[in-house]
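Worksheet: the structure to be examined is printed underneath.
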Amino acid sequence: MSSSSGQPQFRYTQTPSKVLHLRNLPWECTEEELVELGKPFGKIVNTKRDVGANRNQAFVEFSDLNQAISMVSYYASSSEPAQVRGKTVYIQYSNRQEIVNNKSTGDIAGNVLLVTIEGVEAGDVSIDVIHLVFSAFGFVHKIATFEKAAGFQALIQFTDSETASAARNALDGRSIPRYLLPEHVNSCHLRISYSAHTDLNIKFQSHRSRDYTNPYLPVNPSAIEGTLQPAVGPDGKRKEPESNVLLASIENMQYAVTIDTIHTVFSAFGTVQKIAIFEKNVGMQALVQYPDVTTAAVAKEALEGHCIYDGGYCKLHLSYSRHTDLNVKAHSDKSRDYTIPDNSLPGLLTSPQVPGAPPAAPAWQSNPQAVSMFPGNVGPQTRPDGQMAAWDPNMRGGRSSFPPAPGAYPSQPYGPSSSMPMYPTSGAPPPPSYGGMQSNARPAGSPSVVGQPPMYY
DNA sequence: AGCACA
C-alpha cells in the first residue's frame, strides 16, 4: 500500500509574515522571554504561547512585517542560533498573517455561537438542518462545521450578540427535532457557547460551510478548499510553495478529458496517488497527488504549457496546490484514490495486496490502473462499433488513444494523421528511473507518441 | 524541532 508514503511534509519556502512560529522553546517560556527575544528586531505586539502537543511552541507577532523579516534573516545567517535560557529556538514565518487570541471562555457573548452537537456523526446533521434550526432566531449569516475531539461542531454567525444570545438561551441543552434527523439518531443534544469569532471566513459553499450573505461564493465541488486560485501575496506576486499536489488547469478543452486521461498523463512521472477533477468556468481543473514534492516538480516542469492532444487542444497549466493530501472518494466520477485497492471494479488488473508486502512498485514498472483503463488502440476513429476494447495485458507499447465520450467531438477538426492524442503510450514504460535531473529532457516513454513526431508545443 | 479554530 502506498498511502501517502513518507512523513508529513513541511514547507521550507514560506511566505513572510509578521507572525513568527517559534519551536523548541524551554518549558514554560514566559511572554517576557519571547518579547525579549524579539526586542532587537522590532516591537512584538502579540504572543501566543503553549502551542503544540508539548506546549513548547509559540507565536510572536511583530508590529511590522520588516521586523519579522529582519529577525528571520538574522538568525538564518547567524552562527549563533536564537536561544532562550540557553536552549536553541527555531524560528520560521508562521503560515498565518496574524495571531488570533482565542482566550474566550465561551461565556462572553458574541455574535458567533460555537455549537457542539452531541451524540451524532458529522453526516447525521446536515448544514441545512442547522441553518433551519438557528434561523428561527434571526438571519444566519454564515455557518462553518467541523469535527474536533469534542465531536461535531458548528460555528454559527448571527448579526449581533443579542440574536446569538436568544438562540443560545433557547437551544442550549435542547435537541434538534427528531423529524429533521436520520432515523437512527436517538439523541442529539446541543451544547452552545460563544465563539470568540466575530466574522467567519467562509471560502466556499460546501457541505461543511455556508455563507448566506454571498450567493456568488463559488461552490466547492468536493470540499477541497483554497486551491482553485493560486494565492497572491501582499506584493501581488504569486506565492506558491512547492507541494506534492499539482493543480492542473486545462485550457482549450476541445476533447473530453477524464480522470483516466489525467492519470495516464501524470503517471509518466511517478505514482499518482489521488486525483480530483472539477469544473472551473468553462474549463476543467484537476488536483493530482504524488507521493513527494520532487515527483510533482518534475511533472510540473515537464508538462507545463503542453497539450494533451495534438493541435493545441487541452493545454495544461500546472501550479502547486496547497494541499498535501487530498481527501477524495476512492472511485467516483470526480475523483480517484489509487492508494486504496478498488474492489468495485472486478476484472481490473490490481496486483494482489499481500499483507506485509513491500509497497507497490513505481508507476513505470507497474501501474495496473493506468494501463488497464487504457486498452490499446482504441481511437476515436478506430472502433466503428464504438466499444472499448477489452483489456489485454499483452497489449503493451501499442499506440492507444483516449476514447472520447460519445458526442464529445463536435467535429473532426483534423485528419487521421494528426488525430493521435499525445498521451496514449499507456503500455510503453518510461525509463526505470527519472531520478536524474534531466531538467528539460522529456523522459522517453513519457507522454509522447512513439513513432510520431514530438507533439509538445 | 514543525503551526493556533474550521
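Convention: sequence-line order gives letters A, B, ...; per-chain numbering from 1.
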(request) Check whether any side-chain heavy atom of A:Cys307 sits under 4.5 Å from a side-chain heavy atom of A:Tyr313, and report yes or no. (result) no
(request) Starting at CD1 of A:Ile277, measure out to OG1 of A:Thr258 and round the result to the nearest 0.5 Å. (result) 7.5 Å
(message) For a quick check of understanding: with a heavy-atom distance under 4.0 Å over all strands, which category does A:Asn24 fall into, base, sugar-phosphate or nothing?
(response) sugar-phosphate
(request) Output the single nucleotide from B:dC3, B:dG2, B:dA4 whose closest atom is nearest the side chain of A:Lys48. (result) B:dA4
(request) Report which part of the nucleic acid A:Ile202 touches: base, sugar-phosphate, or nothing (heavy-atom distance under 4.0 Å, all strands). (result) nothing
(request) Could you check if a side-chain atom of A:Asp211 sits within less than 4.5 angstrom of a side-chain atom of A:Gln205, using non-hydrogen atoms only? (result) yes
(message) Nearest whole Å is fine: how far is B:dC5 P from A:Ile156 CD1?
(response) 19 Å
(message) Could you tell me how far apart A:Asp211 (CG) and B:dA6 (P) are, to the nearest whole angstrom?
(response) 19 Å
(request) Determine, answering yes or no, if A:Phe59 is stacked on B:dA4 under the 5.5 Å centre rule and the 30° plane rule. (result) yes
(request) Round to a whole Å and report the spacing from CG of A:Leu113 to P of B:dC5. (result) 18 Å
(message) Tell me the interatomic distance from A:Asn201, atom CG, to B:dC5, atom P, rounded to whole angstroms.
(response) 16 Å
(request) Output the single nucleotide from B:dA1, B:dA4, B:dC3 whose closest atom is nearest the side chain of A:Arg96. (result) B:dA4
(request) Remember a base hit wins even if backbone is also touched, and classify A:Thr88 as base, sugar-phosphate or nothing at under 4.0 Å, heavy atoms. (result) nothing
(message) Less than 6.0 angstrom separating the ring centers of A:Phe62 and A:Phe41, yes or no?
(response) no
(request) Could you check which of B:dG2, B:dA6, B:dA4 has an atom nearest any side-chain atom of A:Ser94? (result) B:dA4
(message) Any side-chain to backbone donor/acceptor pair from A:Glu61 onto A:Ile99? Under 3.5 Å, distance only.
(response) yes
(message) Students often get this wrong, so: under 4.0 angstrom with heavy atoms, is A:Glu98 touching a base, only sugar-phosphate, or nothing?
(response) base
(request) Quickly work out the A:Leu25 CG to B:dC3 C1' distance and round it to whole Å. (result) 13 Å
(request) Mark yes or no for a side-chain to base donor-acceptor pair under 3.5 Å between A:Gln57 and B:dG2, with no hydrogen or angle criteria applied. (result) no
(request) Take atom CG of A:Asn54 and atom C1' of B:dC3, then tell me their distance rounded to the nearest Å. (result) 13 Å
(message) Can you measure A:Tyr93 atom OH to B:dG2 atom P for me and round it to whole angstrom units?
(response) 21 Å
(message) Nearest to the side chain of A:Phe146, heavy atoms from C-beta on, is which of B:dA6, B:dC5, B:dC3?
(response) B:dA6
(message) Is there aromatic stacking of A:Tyr90 on B:dA1 here, judged by a ring-centre distance under 5.5 Å and a plane angle under 30°?
(response) yes
(message) What is the separation between atom CZ on A:Arg210 and atom P on B:dA6, rounded to the nearest whole Å?
(response) 20 Å
